[in-house]
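Down below is the structure, laid out as structure tokens.
Counting starts at 1 for both ligands and their atoms, following the listed order. Predicted model, so just to flag it, every value in this text is computed and none were measured.
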Amino acid sequence: MKNVLITGGAGFIGSNFIRYLLEQDLDVCIFNLDLLTYAGSLENLTDLPDSDRHHFIKGDICDRELVDKIFTENFISLVVHFAAESHVDRSILGPEEFIRTNIQGTFSLLEAVRKHWQDSNNEIRQDVHFHHISTDEVYGSLAPEEAAFSELTPVAPNSPYAASKAASDHLVRAYYHTYGLPVTITNCSNNYGPNQFPEKLIPLIIINAWEGKPLPIYGDGQQIRDWLYVEDHCRAIWSVIQKGKQGEIYNVGGNNQPTNLEIVNQICSVLDMKLPESQHTPHFELVQHVKDRPGHDRRYAMNIQKIKNDLDWEPAVSLEEGLQKTVTWYLNHPDWIEKIRKQQDYQSWVKNNYQGRDQQ
Ligand code: NAD
Ligand code: DAU
């Protein structure tokens, strides 16, 4: 059995990945290191199948002493690194934590593995693996006619979040080239699905519409994102870990590019269908255009040919099916929503981000 260190496993994608590994009955024992910031919650890890193979450790990836202790006490041979500050809007209001966790934290992990994964000749062992989770946002923004991002697209991050992720990608790459650390990187587009913190667009829209609150659309709502159901992302990560080539980057995406207004419309139609008696139907009428995000990237699109050709991965869940599943999950989990919002000072974030963003 492989001992795996997963960082950020109490967050949205990390917790889905842990569930995926345990559900697939893969031969792993999981050590989940998570600081439980506002975005992380043990509520995301309830009812795990075979939970004896999941060990939660509350702590900071920047804490070298703790990270060293985890490596010393457990024979870790795979690291899957999700932990990050992940919300673009928060990085605009307060970038410092993004620099600390995303850059300093990744550096701290890389230094730990460099120390603990040396063999008797002080060479890095080759039977180990560091997989880094990154984002399409490192590539910047596309004009309407431009080709989708490939792994060869130069990085051009536009937000403090994207810049901090690009910096962490570079560090991982440098440890491969300089020290021969066996690494892989996935750069993925926008994820959605169960357990996503309700400040990101899709859960925010589902919950606000359900409660009859305004649906805030930044600017004209014509920005384009590529959406991937989270389980497809988990499958892609595992494929890259199993079959990917060391030192390589793989782009991951959902092969769809709706505008924000289109996706909000789709969510509202699902809610109209599921809640025909609601006094807020048709939910799309709740849309309110508000002041745009500063430096807002206009368009993302992912070229996923490499992972398709080399590893035989492609998305299995269509946007339509994924949105149905996601809306159903949120409607079935009002307690999760309430606990998350109460525990983590959600209301003060809503106030900070939306107050003064007057209707346009
Ligand atoms: P999230 O914000 O939901 O979860 C982040 C987790 O990291 C939380 O559990 C948090 O407690 C933990 N964390 C934060 N700082 C930490 C620290 N210093 N030490 C230990 N743990 C810490 O994020 P997510 O949406 O699940 O994203 C996970 C990863 O995937 C991130 O690296 C993000 O950049 C990347 N990514 C996300 C998306 C997306 O659409 N959500 C898309 C592509 C890539
Ligand atoms: O592209 C991958 C990235 O996707 C990940 O790296 C990030 O971790 C993840 O947060 C996400 O970033 P975005 O900024 O694209 O996601 P968000 O859900 O915040 O916003 C999606 C789009 O919706 C974006 O164009 C901004 C817009 N938006 C968002 C919010 C919260 C609105 O119009 N109104 C809103 O209230």
Side-chain angles (χ1 to χ4, degrees), residues 6-17 32-42 44-45 57-63 66-67 80-92 97-98 100-102 104-106 108-109 132-139 141 149 157 159 161-162 164-165 168-169 186-193 195-205 208 214-228 230 233 237 252-253 258-261 263-264 287-293 296-300 302 344 349-350 353-354 357:
I6 295 183
T7 69
F12 164 48
I13 308 174
S15 63
N16 274 282
F17 184 69
N32 174 4
L33 173 61
D34 194 299
L35 187 57
L36 295 182
T37 66
Y38 79 93
S41 171
L42 295 178
N44 294 339
L45 296 162
I57 304 156
K58 180 172 190 286
D60 192 335
I61 54 169
C62 300
D63 180 349
L66 173 65
V67 176
V80 191
H81 177 34
F82 292 92
E85 286 293 331
S86 73
H87 192 186
V88 175
D89 289 321
R90 286 194 190 244
S91 85
I92 294 168
E97 198 52 32
F98 288 71
R100 199 189 76 85
T101 286
N102 300 1
Q104 190 70 33
T106 302
S108 150
L109 284 173
H132 179 61
I133 313 293
S134 193
T135 169
D136 60 358
E137 302 209 5
V138 300
Y139 297 121
S141 184
F149 300 131
S159 69
Y161 162 69
S164 67
K165 291 298 290 188
S168 66
D169 296 5
T186 39
N187 288 81
C188 187
S189 63
N190 285 61
N191 282 219
Y192 68 101
N195 298 97
Q196 186 166 31
F197 192 80
E199 66 186 5
K200 304 279 175 81
L201 182 73
I202 289 187
L204 177 91
I205 294 299
N208 276 19
L215 310 181
I217 302 294
Y218 296 163
D220 63 5
Q222 295 305 314
Q223 304 82 3
I224 291 176
R225 296 289 180 269
D226 177 303
W227 295 94
L228 183 69
V230 64
H233 187 191
I237 294 167
V252 183
T259 64
N260 288 346
L261 266 180
I263 200 144
V264 169
V287 160
Q288 263 184 24
H289 289 265
V290 298
K291 193 166 164 223
D292 209 348
R293 172 187 278 175
H296 199 169
D297 284 341
R298 197 69 183 162
R299 173 175 166 245
Y300 302 148
M302 287 301 250
Q344 289 153 340
W349 158 254
V350 170
N353 192 47
Y354 294 100
R357 232 185 181 126

Item to check | Closest approach of any protein heavy atom to atom 36 (O) of ligand 2, naming residue and atom | outcome: Y354 OH, 2.5 Å
Checklist entry - Does N44 use its side chain to pair, donor to acceptor, with the backbone of A10 at less than 3.5 Å? => result yes
Checklist entry - Evaluating non-hydrogen atoms only, which member of A10, S134, A162, A83 is closest to atom 44 (C) of ligand 1? => result S134
Next on the checklist: For N16 and N191, which I'm curious about, is there any donor-acceptor pair between the side chains at under 3.5 Å?
Outcome noted: no
Checklist entry - Applying a 4.0 Å heavy-atom criterion (strictly less than), which segment of K165 is in contact with ligand 1: side chain, backbone, both, or neither? => result side chain
Checklist entry - Considering only heavy atoms, does Y161 approach ligand 1 within less than 4.0 Å through its side chain, its backbone, both, or neither? => result side chain
Checklist outcome for this item: Looking only at protein heavy atoms, what sits closest to atom 13 (P) of ligand 2 is E137 OE2, 3.5 Å
Item to check | Subset of ligand 2 atoms that lie under 4.0 Å from at least one heavy atom of Y161 | outcome: 5 (C), 6 (O), 7 (C), 8 (O)
Item to check | atom 18 (O) of ligand 2 [closest protein heavy-atom partner, distance rounded to 0.1 Å] | outcome: L201 N, 2.8 Å
Checklist entry - For ligand 2, which atoms have a heavy atom of Y300 less than 4.0 angstrom away? => result 1 (O)
Checklist entry - Under 4.0 Å from any heavy atom of I217, which atoms of ligand 2 are there? => result 33 (O)
Checklist entry - For ligand 2, which atoms sit closer than 4.0 Å to a heavy atom of T135? => result 1 (O), 2 (C), 3 (C), 5 (C), 6 (O)
Checklist entry - With C188, which of T135, I133, L228 fulfils side chain to side chain contact (heavy atoms under 4.5 Å, CB included)? => result L228
Item to check | Shortest heavy-atom approach to atom 27 (C) of ligand 2 - which of N353, N260, D297, I92 | outcome: N260
Checklist entry - Can you tell me if Y161 and E85 form a side-chain donor-acceptor pair at under 3.5 Å? => result no
Next on the checklist: Under a 4.0 angstrom heavy-atom cut-off, which atoms of ligand 1 come close to N190?
Outcome noted: 40 (O)
Next on the checklist: Could you check whether S134 and D169, counting side-chain N and O atoms only, form a donor-acceptor pair closer than 3.5 Å?
Outcome noted: yes
Checklist entry - Side chain, backbone, both or neither: which part of R100 has a heavy atom under 4.0 Å from ligand 1? => result side chain
Checklist entry - Any idea which protein heavy atom is nearest atom 7 (C) of ligand 2, and the distance to it? => result S86 O, 3.4 Å
Item to check | Sub-4.0 Å heavy-atom approach of H296 to ligand 2 | outcome: yes
Next on the checklist: For the 3.5 Å polar cut-off, considering only N or O atoms, please tell me whether C188 and ligand 1 meet it.
Outcome noted: no
Checklist outcome for this item: the protein heavy atom lying closest to atom 1 (O) of ligand 2 turns out to be D136 OD1, 2.5 Å
Checklist outcome for this item: Looking at C62, G40, A84, the heavy atom closest to atom 5 (C) of ligand 1 belongs to A84
Next on the checklist: Applying a heavy-atom cut-off of 4.0 Å, say which part of S189 lies close to ligand 1: side chain, backbone, both or neither.
Outcome noted: backbone
Checklist outcome for this item: Filtering R293, R298, Q223, Q222 for the heavy atom nearest atom 19 (O) of ligand 2 leaves R293
Checklist entry - Which one of T106, I57, T101 has a non-hydrogen atom at the shortest distance from atom 15 (N) of ligand 1? => result T101
Item to check | Options Y218, Y139, W227, ranked by nearest heavy atom to atom 32 (C) of ligand 2, top entry | outcome: Y218
Checklist entry - If you count the atoms of ligand 2 from 1 in the order shown, which ones are under 4.0 Å from a heavy atom of P216? => result 32 (C), 33 (O), 34 (N), 35 (C), 36 (O)
Checklist outcome for this item: Taking only non-hydrogen atoms of H87 and a 4.0 Å limit, the atoms of ligand 2 in range are 19 (O)
